[in-house]
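Order of the sequence lines sets the chain letters (A, B, ...), proteins ahead of strands, with each chain counted from 1. Only a predicted model underlies this, so the values are computations on that prediction, with no experimental measurement involved.
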There are 4 protein chains.
Amino acid sequence: MTPKRQAAKSAAAPRKTAATPRKTPQQDRSRAMVARIVDAGQEVLIRYGYDGASTNRIAEAAGISPGSLYQYFPNKDAVVTAVIERYNTAVTDRVRDRVLANFARSPEVAVPETISDLLDALGTHRELLRAVVEQTPRLTSGATVLAFEQQIGELARTALTMRRRSVPSDVDFDAAAWMLVRAVEHLTIRYVLDSPPIPRDRFLADITRLVLNYFREPLRAEYE
Amino acid sequence: MTPKRQAAKSAAAPRKTAATPRKTPQQDRSRAMVARIVDAGQEVLIRYGYDGASTNRIAEAAGISPGSLYQYFPNKDAVVTAVIERYNTAVTDRVRDRVLANFARSPEVAVPETISDLLDALGTHRELLRAVVEQTPRLTSGATVLAFEQQIGELARTALTMRRRSVPSDVDFDAAAWMLVRAVEHLTIRYVLDSPPIPRDRFLADITRLVLNYFREPLRAEYE
Amino acid sequence: MTPKRQAAKSAAAPRKTAATPRKTPQQDRSRAMVARIVDAGQEVLIRYGYDGASTNRIAEAAGISPGSLYQYFPNKDAVVTAVIERYNTAVTDRVRDRVLANFARSPEVAVPETISDLLDALGTHRELLRAVVEQTPRLTSGATVLAFEQQIGELARTALTMRRRSVPSDVDFDAAAWMLVRAVEHLTIRYVLDSPPIPRDRFLADITRLVLNYFREPLRAEYE
Amino acid sequence: MTPKRQAAKSAAAPRKTAATPRKTPQQDRSRAMVARIVDAGQEVLIRYGYDGASTNRIAEAAGISPGSLYQYFPNKDAVVTAVIERYNTAVTDRVRDRVLANFARSPEVAVPETISDLLDALGTHRELLRAVVEQTPRLTSGATVLAFEQQIGELARTALTMRRRSVPSDVDFDAAAWMLVRAVEHLTIRYVLDSPPIPRDRFLADITRLVLNYFREPLRAEYE
DNA sequence: CATGAATGAGCTTTCATTCAT
DNA sequence: CATGAATGAAAGCTCATTCAT
């Protein structure tokens, strides 16, 4: 009932093997194994949730024995953390690419463009996103999400610095980056997970306004 | 090993006591018991985290037997949920009070005032906040946090509606409330939990700017 | 959700009370209470089975507190035993009546008549019968069923003795009664509980044949 | 406290061992483990009864950890059922062998012969028989006992069919088999468990008479 | 290095029974 | 005598982790 997928690559190719410039085959095998386990972990995490994701199930999904799993990961949470990290990296990379691609454009275009892409990125694996959001705090005490937030925050700070001329002098770049990155991240995630009754266009327009208006001189209080 | 209930209501009120038609002592006892269990649950949750918060531990912390706990709560998660709900209610009530108290004031004053108080409220039980944030998604699939968000969201919508004259016509009140409430909530929580290197005043000023500027007419793109 | 049926008989009737020749009202109350508990026990036993029949549930069904139940029965099994005993007594009495009523008739008529009535008696509370059959062995190690078997066995022996002239001399009345009573009892119970694909008439005819033919001289083996 | 498996297979078979293509040692180990658990279950069941037969106790008696038990059985009742089934199979096989061995003989000889052997079979593990009889209804709703009854019933029907010439035409083979098999089974079990004051010879003679006389033409009622 | 059987601490939950009120 | 809150032993069962093979 649980196919064991036993080592398929047994049929050796004696001669040519030595020739191939196999760089550290050991490490390659290991890397592949790790990847397979992370794949399995992601699969199981999505299907069964954190509590249902037992190491036995992950090992089984990876086609290895539970004992072997522990050769690559010290414990269950390490696997889950790896899944989360890989996901974060993927999303971060994608967002960074998009930010860089839009670097030359005006903020009015670049911001909704980027967030739209972020919505797509997060929506691709909704259930994984849910699992990540639910488990991230317990596992990494924010460390991993920070990876995303820090990198993107860095980008944001850079972008701001480059445009510093058109930014009011009272803006603290660090604080602004911290705030906007988190706000955008959180709102986007909740939009994807909670599906509020707000059309996508409206959401994009509003979040863009939130970001761009932030950089305008604050209005003086008119009365009171 | 099984400490009997500690007599609490010792502070006597000599004269009037006999006269007061103290109704439903049964219910009082029961209420007190529930409160004690929720107290214990909170304590254990903070100290050991969700997974370490076994029913046995909670019962012991409450000074009752594991069996008694189940006379008041149907299962472990019910206890944890009660802890979270109580916390949410406390914070929500406090914020609502503050919002109402500032209703007449200008937004430039009311917004930082309110958020400052929210910071205080959340900071009072940092570790509990952490536990709540970590466990809420698994237990209530957002339902409880939504209790906060919805109530405060309602308030925000009301406030917006009352000032509708000074709000740009292109603002969708529902969408705006959804967004701003979540943004403020999340940023405040992260500020308390992550303690970023941003002075409190700066944070308050910036988040106020984020909120207030949102309601200004969007700037036309100047170039590109 | 669980109506407590609190003491209704509080409104006293001062004068007349003393006059009524109430024989040991204490004992009457007690007897009534026992009966109520046994009723409740039977109800719960039928609905939830032995394992699901907790003392709390029985007490609740009887409209009393679990503590009170223990004033009338020393433990759970005592209640269940009482239920079983009452059921056995009822069936036994009914069968005995029928046997006596048919005493003058020929066995060819009396036997199916009696068994038919037994079928009716057992079929009236099929689910109770099932519960009794399943639980009797564990609780009474046969003692209670024996009450039935012994009484009816006694009857059978008497009947046999009275007809001893027409019974072969090689019949041991005790052994025959033991055997036939048990055979009839068991077959009837299984017929009611298992509902085999045998018409009732056929069953009655066959079991009658089993009983009556038993009393004929055994046939000599003809060959071998 | 956690006795490791005791090396069993010590008796070596020096020469041939290496040669024999002993297939699936895995399965052998597993089978042996299952057998050991069933043994332990039987032991515990006899000693402590169903309710006292906790999985922990069974595991301990089997010399394994509670967790291991669940690698072989999904739950407690599965173990108990296995014990019952093994017992039933053993008795059934034995009886079937005996019936077949006596197939050619006259019923007057074969019937007591077979029942005598059944008495022996059941008497060998009296306490187990008691446990089985007490627990069978709750666990299998008769299914397992039916296994016995059906198999033997089948045999009986076959035997009847083969001798159909000497059986009165008014006999319904199915009904007769249903009835006689159950009657014999039940009487034998009760005889073993209750030890009534009936000598074994008498019991055998009487039950034989019960069975054989059943197949004679019913007597016409003489009077009434 | 892979395996997977074995581990066993620990969990949640139930329920017959008691006893202070 | 009634109450019912409280008890607490004990149950069935899971699963992250280990280790002999």
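Not counting sequence neighbours, B/Gln71 has no partner by the side chain to side chain contact (heavy atoms under 4.5 Å, CB included) test. Applying the side chain to side chain contact (heavy atoms under 4.5 Å, CB included) criterion to D/Asp51, with sequence neighbours excluded, gives C/Arg138, D/Arg138. Among residues two or more places apart in sequence or in another chain, the side-chain hydrogen bond (donor to acceptor under 3.5 Å, both in side chains) test is passed with B/Ser68 by B/Ser65. Qualifying salt bridge (Lys or Arg N to Asp or Glu O under 4.0 Å) partners for A/Arg57, counting only residues two or more places apart in sequence or in other chains: none. Remark: A/Asn75 engages A/Asp77, A/Ala78 in a side chain to side chain contact (heavy atoms under 4.5 Å, CB included) (not counting sequence neighbours). A/Tyr70 pairs by the side chain to side chain contact (heavy atoms under 4.5 Å, CB included) definition with A/Thr55, not counting sequence neighbours. Listed by chain and number, the residues in a side-chain hydrogen bond (donor to acceptor under 3.5 Å, both in side chains) with D/Arg86 are D/Asp39, D/Gln42 (sequence neighbours excluded).
Between C/Met33 and A/Ser54, the residue anchored nearer the 5' end of DNA chain F, judged by the nucleotide with its closest heavy atom, is C/Met33. Of the two residues near DNA chain E, A/Gln71 and B/Ala53, the one whose nearest nucleotide lies more 5' is A/Gln71.
Rounding to whole angstrom units, CG of residue D/Leu69 and C1' of F/dA11 are separated by 14 Å. A straight line from CZ of D/Arg36 to C1' of E/dA6 spans 11 Å, rounded to a whole angstrom. Remark: P of E/dT3 and CD1 of A/Ile37 are 10 Å apart, rounded to the nearest angstrom. Going from atom CD of B/Glu60 over to atom P of F/dA6 covers 17 Å, rounded to whole Å. Between A/Asp51 atom CG and E/dC11 atom C1' there is a gap of 12 Å when expressed in whole angstrom units. Regarding A/Ile58, its CD1 atom lies at a distance of 8 Å from the P atom of F/dA16, rounded to whole Å. Between B/Tyr48 atom OH and E/dT12 atom C1' there is a gap of 18 Å when expressed in whole angstrom units.
Across E/dC1 and F/dT21, the matching C1' atoms stand 13 Å from one another, rounded to whole Å.
The strand DNA chain E forms stems, runs of 3 or more Watson-Crick or G-U wobble pairs with distances below 3.5 Å, at E:2-21 with F:2-21.
Residue-level contact check: C/Tyr72 touches the backbone only, with heavy atoms under 4.0 Å from sugar-phosphate atoms and none from bases.
Scanning all heavy atoms of the two residues, the minimum distance from A/Ala131 to A/Leu45 falls at CB-CG, 4.0 Å.
Remark: of the listed residues B/Val83, B/Ile84, B/Val80, B/Val83 is the sole one forming a side chain to side chain contact (heavy atoms under 4.5 Å, CB included) with B/Val38.
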N/O-N/O pairs, protein side and nucleotides 17-21 of chain E side, under 3.5 Å:
unit_1 : atom_1 : unit_2  : atom_2 : d
E/dT17 : OP2    : C/Tyr70 : OH     : 3.0
E/dT17 : OP2    : C/Lys76 : N      : 3.1

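The side chain of B/Ser65 approaches F/dG8 more closely than any other nucleotide in the set F/dC15, F/dA5, F/dG8.
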